[in-house]
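Keep in mind it's a predicted model, so treat the numbers as computed, not measured. Letters go in sequence order (proteins before strands), and every chain restarts at 1.
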There are 2 protein chains.
Amino acid sequence: MSENKIGSYIFAVNYLVVFSKACEYGIKATTYIASQSLEERRVSLKSIAEEIDSPVAFTAKILQTLARNKIIDSSKGPTGGFLIEKKKMDEIKLSQIVSAIDGDNIYKGCGLGLSECNASRPCPVHHHFAKIRNDLRKMLENTSINELASGLEVGLTYLKR
Amino acid sequence: MSENKIGSYIFAVNYLVVFSKACEYGIKATTYIASQSLEERRVSLKSIAEEIDSPVAFTAKILQTLARNKIIDSSKGPTGGFLIEKKKMDEIKLSQIVSAIDGDNIYKGCGLGLSECNASRPCPVHHHFAKIRNDLRKMLENTSINELASGLEVGLTYLKR
DNA sequence: CAAATAAAGGACAATTTTGTCCGAAATAAC
DNA sequence: GTTATTTCGGACAAAATTGTCCTTTATTTG
């Protein structure tokens, strides 16, 4: 009767302006670790995964990547766990986390996937995207983990639900 | 020796501000069909896939979805193919193509994947993303396929390489 | 040194997205 | 009506992303 079922196949449930899941977890984890480091507390993988509501083993992989990239600090054994030095918190920007996890083809790439796309040979949406993408880039490069962690510490922001 | 191999595992090669591949192809295809419709030419699946440099069969699926959603018009048989009525070109916005293909959870969803994230209970990046996401939404809702097709027709923009 | 604890990392599994193949259905031309 | 052409749509396959399991390695404590 009504055309309900019409056109109902969905290709991808991506969002626009998105991080991969890996990146989401990475940002949340880093923010949480930092907020705890502000209070001199080292945190374990388990508590991180719990706090940011992420799969433990997958989170472990991401933390390993972040540690290898010197974004976070890890140590083994009892009393081990993750932390971020306070003095580094202002230096660490969202952009670093993102490119550590998802690589740095981040700001490259045209909105329509053309390999060669620029102002003099643009894809149809190039100019429409230019400002938005640039705003996003600036935001990621200017937002420090300190800023994010502080908001969380004070209870202004949330990592779950 | 040097720390070359360090931190080299990449989780996802997504871009930020991205469409899914399906969406990319959908936008390109629609733009190409429209540009040809401006010159009264119906186009075939094969020529579309060639022109936008996409896998034929996958593109077929996407065109089917677009047709079911009345964004494009299709007809079978010899002399068949795809077209878009000129008078509809101003009405069709990028946002419609995107939600036909990827669903309309598009502007929902928080940057960090929280299900409940808003100004009064924000995730750490909520406010940072708000403007960017909103700009993107407005852009998608205001950009018509006519606009994109015209640029392409005049040779101002490109769909390949 | 032994035991306990926590991260590192390799191998593998599930899910999602992207891509392919092929027969069915519709339509135009002869 | 038969044939050729083109989209439709179901089933399947490949690749990428997300997620799990389990052993090894490092470190602290007794």
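Among the heavy atoms of the strands, none lies under 4.0 Å from A:Lys46.
Mapping A:Pro78 and A:Thr59 onto DNA chain D via the closest heavy atom, the residue that lands nearer the 5' end is A:Thr59. Annotation: of the two residues near DNA chain D, A:Phe58 and A:Gly80, the 5′-most nearest-nucleotide partner is A:Phe58. Comparing B:Thr79 and B:Ala22 against DNA chain C, the residue whose closest nucleotide sits nearer the 5' end is B:Ala22.
Atom-to-atom, CG of B:Leu45 to C1' of C:dA25 comes out at 16 Å; the value is rounded to the nearest Å. Rounded to whole Å, the distance from CG on A:Asp73 to C1' on C:dA8 is 15 Å. Per the geometry, NZ belonging to B:Lys21 stands 7 Å off P belonging to C:dG19, to the nearest Å. Straight-line distance from the CG atom of A:Leu66 to the P atom of C:dA7: 14 Å, rounded to whole Å. Here the P atom of nucleotide D:dT17 and the NZ atom of A:Lys61 are 17 Å apart, to the nearest Å. Summarising the geometry, the separation between CD on A:Gln64 and P on C:dG10 is reported as 9 Å, rounded to the nearest angstrom. The separation between A:Phe82 atom CZ and C:dA8 atom P is 5 Å, rounded to whole Å. The separation between A:Phe11 atom CZ and D:dA16 atom P is 19 Å, rounded to whole Å.
In terms of phosphate contacts, A:Ser74 brings a side-chain nitrogen or oxygen within less than 4.0 Å of OP1 or OP2 of C:dA8. The side chain of A:Tyr25 places an N or O atom within less than 4.0 Å of a non-bridging phosphate oxygen (OP1 or OP2) of D:dG19. For D:dG9, the OP1/OP2 oxygens have a side-chain nitrogen or oxygen of B:Arg68 closer than 4.0 Å. Checking the phosphate oxygens (OP1, OP2) of C:dA6, no side-chain nitrogen or oxygen of A:Arg42 falls inside 4.0 Å.
Between B:Asp135 and the options B:Arg137, B:Lys131, B:Arg133, a salt bridge (Lys or Arg N to Asp or Glu O under 4.0 Å) holds for only B:Lys131.
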Please test B:Leu148 against A:His128 for side chain to side chain contact (heavy atoms under 4.5 Å, CB included), starting from the C-alpha separation and ending with a verdict.
CA-CA 10 Å; B:Leu148 300 185; A:His128 301 80; 3.8 Å; yes

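Picking from C:dA6, C:dT20, D:dC8 the nucleotide with the shortest atom distance to the side chain of B:Ala57 gives C:dT20. Candidate nucleotides C:dT20, D:dT7, D:dT20 were compared by shortest atom distance to the side chain of A:Pro55, and D:dT20 ranks first. Taking only side-chain atoms of A:Lys76, from C-beta outward, the nucleotide of C:dA7, D:dC8, C:dT20 with the closest atom is C:dA7. Nearest nucleotide to the B:Ser20 side chain, out of C:dA7, C:dT18, D:dG19: C:dT18.
Between B:Phe129 and A:Phe19, the distance separating the two ring centers is shorter than 6.0 angstrom.
Of the charged side-chain nitrogens involved, at least one lies within less than 4.0 Å of a carboxylate oxygen, so that A:Glu24 and A:Lys21 count as a salt-bridged pair. We find that A:Glu40 and A:Lys86 are joined by a salt bridge, their nearest charged nitrogen and carboxylate oxygen being less than 4.0 Å apart.
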